[in-house]
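The block underneath contains the structure these notes are about, expressed in structure tokens.
The chains referred to below are lettered A, B, ... by the order of the sequence lines, with proteins before strands, and numbering in each begins at 1.
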There are 2 protein chains.
Amino acid sequence: MPNHKPTAAARPDVPEAAAPVKRVRGGPKGLRIADVAAQAGVAPMTVSRVFNSPETVAPETLERVRQVVQKLGYVPNRLAGGLSSSRSRLIAAIVPTIAHSLFSETVQVFSETMSRAGYQVLLALSGYSDSSEEALLDAVLSRRPEGVLLTGVAHADSLRERLSNVGIPIVETWDMTATPIDMLVGFSHYQIGVAVAEHFLQRKVRAPGLVSANDDRALARRDGFRERLAQAGIREVAEVLVPPPSSVALGKAALPRLIEQAPKLDAVFCGSDLLAIGALGAARKLGLKVPSQLSICGFGDLEFATETTPQLTTVRVDGTRIGLTAARCLLDRLAGTDRDKVTDVGFHIVERETT
Amino acid sequence: MPNHKPTAAARPDVPEAAAPVKRVRGGPKGLRIADVAAQAGVAPMTVSRVFNSPETVAPETLERVRQVVQKLGYVPNRLAGGLSSSRSRLIAAIVPTIAHSLFSETVQVFSETMSRAGYQVLLALSGYSDSSEEALLDAVLSRRPEGVLLTGVAHADSLRERLSNVGIPIVETWDMTATPIDMLVGFSHYQIGVAVAEHFLQRKVRAPGLVSANDDRALARRDGFRERLAQAGIREVAEVLVPPPSSVALGKAALPRLIEQAPKLDAVFCGSDLLAIGALGAARKLGLKVPSQLSICGFGDLEFATETTPQLTTVRVDGTRIGLTAARCLLDRLAGTDRDKVTDVGFHIVERETT
DNA sequence: CTGAAAGCGCTTACAG
DNA sequence: CTGAAAGCGCTTACAG
């Protein structure tokens, strides 16, 4: 034991207390609530109240503090606020993609609505694979969101369980299930497939085909489509699956392959309007008249498609309404109000041009 | 003074110390790092290292802690982590809108890239008005993001100043300026206007018109367009401004108004492909042949437009590249690497069908 | 209507 | 390679 100073011996009556080492951390990075409080001559708590419950602060105090806030340019630190209050004011939106997609308008309205209510949106893009969904969920939950919007209902059981265990409101969207994790705003992809099949059957279609992206929701539409056709005695349905994201080019390439499978092809149900436009282009090249010789139905009812390709039929889903309703579901629950578990927003088949 | 117990009198040698009142706060809401530490038989610091610098932890310790984490389903609280480390791992993306818009693919790629690097994206939709930009910025900065992506360069001076004062990397996108706040990835809307004017001039256009959304970037394109035409002696340029967001319907309604202003109209520069599609539809109804009697140029080069309306010319900007480059700018700076201040990604005029 | 103390769940900055 | 103490900037839960 080197450096053994004889302190105790020199001052036998004073028990040796280790001098408290003052640890220093980097120093202040910016303005703190205490800075505002000092300038305004109030306690930090009062500044906190000015932001979180201004109605409980005396008018003059309020005004004085606000002026200091303004002058200093103080912005509260919500990392600290959230940690302390367990209210992150954050909502996560987990979406496969927002690029040229139907989901973008859902996210748009959802975000606007949440923002108006004082929440901010954490955007989490899941892609179309589940591979990293666990990691994505970890990342999302690490922010302690107060609610989560999910796209689709097909998630690994472990995910569903984890989500329901965190005890925050969850809305699943863009799909339908009998067993939602919590709340649901969507529609049945299977029923869309059924409806498109019926639409084709009314038109006396005999050799229908299908071009679809290879994802859960698209496959549900396919199943509804095939099963309804099977009921009507049509069991041969040409099928081409393409990897998401779907595109015009994929639709264009798919039509000839469909015709290889079914030379008498007279109807195609496409997984998206982009695929439908591609199929339409391919049909033109092959000299097939749409819709008289070949009916083509898309999915999405994109604005441009309505205008530029009146030969196409499509399925319209109100993505805006989904976003708005999903936001309301979460907000109601956060406010303690009860909410319907399931909202079916339905869909419409939009036929643009008869004949 | 009721309840005045004679404590001091009864124990005269013990100075009366106020019994420290144990305040209780709601109780634990979930798992804490201490719970994992206890189960794994290590200190909380070691658990922290397992997440933040696993290479500094002994392999067996690492494994043991990870198993406990897995078993318990522990997810670190980044509100606490961010507060403590001043590293929020959050990046804000401030965009006018992501609904049916060119920005959505920029946000998509930006978000993917940031996500891969361990950051999460806070989505802030500014709309097209500046009115609430101050409030939006407050909301964004309250999360202490480590970087910000901005759309456009036209921001109130107060905003620009506040942003440059926070001292985090900022990328402005989708526009060009000589005085960026920090970094910039974009192109010149003014030059696009010039280029479209030149395109029309090459085609011997005599009575050009313009349909544009009434926002800063669209107006910059207009200015370039008009000034280049003026240089060529064309000073009469019919003009219709529409409120954002632009749509097919607005384009359709605008063309007749343009023709009222300029009965011999033979070219239109539209602020977006949607407007161009609308104008094309209106031209058809009026019996005008596009492009032989009327040239129409859009902006955006949307995939569907290429395919469905080959009569239209358009201006292509690579939104994906903007998103990727913007992400790299921020990541390089966060890694301490220097970066070009300004990246001009340019644009192309896409002429789909000659004649 | 206002404030002093304690605590939210982590990480920094040391020390060993 | 590991850990004990202090602190990040707020809010809760009281008390007055």
- Query: With sugar-phosphate meaning primed atoms plus P, OP1 and OP2, does Arg87(B) contact a base, only sugar-phosphate, or nothing at under 4.0 Å between heavy atoms?
  - Reply: nothing
- Message: By the 4.0 Å heavy-atom rule, please label Leu83(B) as base, sugar-phosphate, or nothing.
- Response: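 Counting heavy atoms under 4.0 Å across all strands, the contact made by Leu83(B) includes a base.
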- Out of Ile94(B), Leu149(B), Thr343(B), which residue meets the side-chain contact (heavy atoms from CB on, under 4.5 Å) rule with Thr173(B)?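 The single option meeting the side-chain contact (heavy atoms from CB on, under 4.5 Å) with Thr173(B) is Leu149(B).
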- Note on the structure: Which of Glu172(B), Arg162(B), Glu161(B) passes side-chain contact (heavy atoms from CB on, under 4.5 Å) with Ile181(B)? It is Glu172(B)
- Item | Verdict with reasoning, Asp182(B) to Lys341(B), per salt bridge (charged side-chain N to carboxylate O under 4.0 Å, His left out) | CA-CA 7 Å; Asp182(B) 181 7; Lys341(B) 281 284 179 199; 3.2 Å; yes
- Hey, does the side-chain of Arg144(B) have a donor or acceptor N/O within less than 3.5 Å of a partner on the base of dG9(D)? no
- Task: Check whether the side chain of Ser84(A) and the base of dG9(D) form a donor-acceptor pair under 3.5 Å.
- Result: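 In this structure, the two groups form no donor-acceptor pair.
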Without decimals, in angstroms, what is the distance between [X] [atom1] and [N] [atom2]?
X	N	atom1	atom2	result
Asp35(A)	dC10(D)	CG	P	9 Å
Leu31(B)	dG9(C)	CG	P	10 Å
Asn52(B)	dC8(D)	CG	P	19 Å
Arg143(A)	dC8(C)	CZ	P	22 Å
Arg49(A)	dC14(D)	CZ	P	14 Å
Arg89(A)	dT11(D)	CZ	P	11 Å

- Task: Check the surroundings of atom CZ in Arg328(B): do more than 12 heavy atoms from other residues, nucleotides or ligands lie under 6.0 Å from it?
- Result: no
- If you draw a 6.0 Å radius around CZ in Arg339(B), do more than 12 non-hydrogen atoms from other residues or ligands fall strictly inside?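 Count over threshold, so yes.
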- Re dA4(C): Watson-Crick or G-U wobble partner, both distances kept under 3.5 Å, found to be none
- Message: Is it the case that the side chain of Ser48(A) and the backbone of Pro44(A) share a donor-acceptor pair, with hydrogens and angles ignored and the cut-off at 3.5 Å?
- Response: no
- Of the candidates dT11(C), dC8(C), dA13(D), the side chain of Met45(A) sits closest to dA13(D)
- Query: dA13(D), dT11(D), dT11(C): which one has an atom nearest the side-chain heavy atoms of Ser48(A)?
  - Reply: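 Taking heavy atoms from C-beta onward, the closest nucleotide is dT11(D).
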- Which pairs with one or both residues in residues 58-91 of chain A pass ring-ring contact (aromatic ring centres under 6.0 Å, His included), sequence neighbours excluded? Phe51(A)-Tyr74(A)
- Query: By a strict heavy-atom criterion of less than 4.0 Å, which residues belonging to residues 54-80 of chain B are in contact with DNA chain C?
  - Reply: Tyr74(B), Asn77(B), Ala80(B)
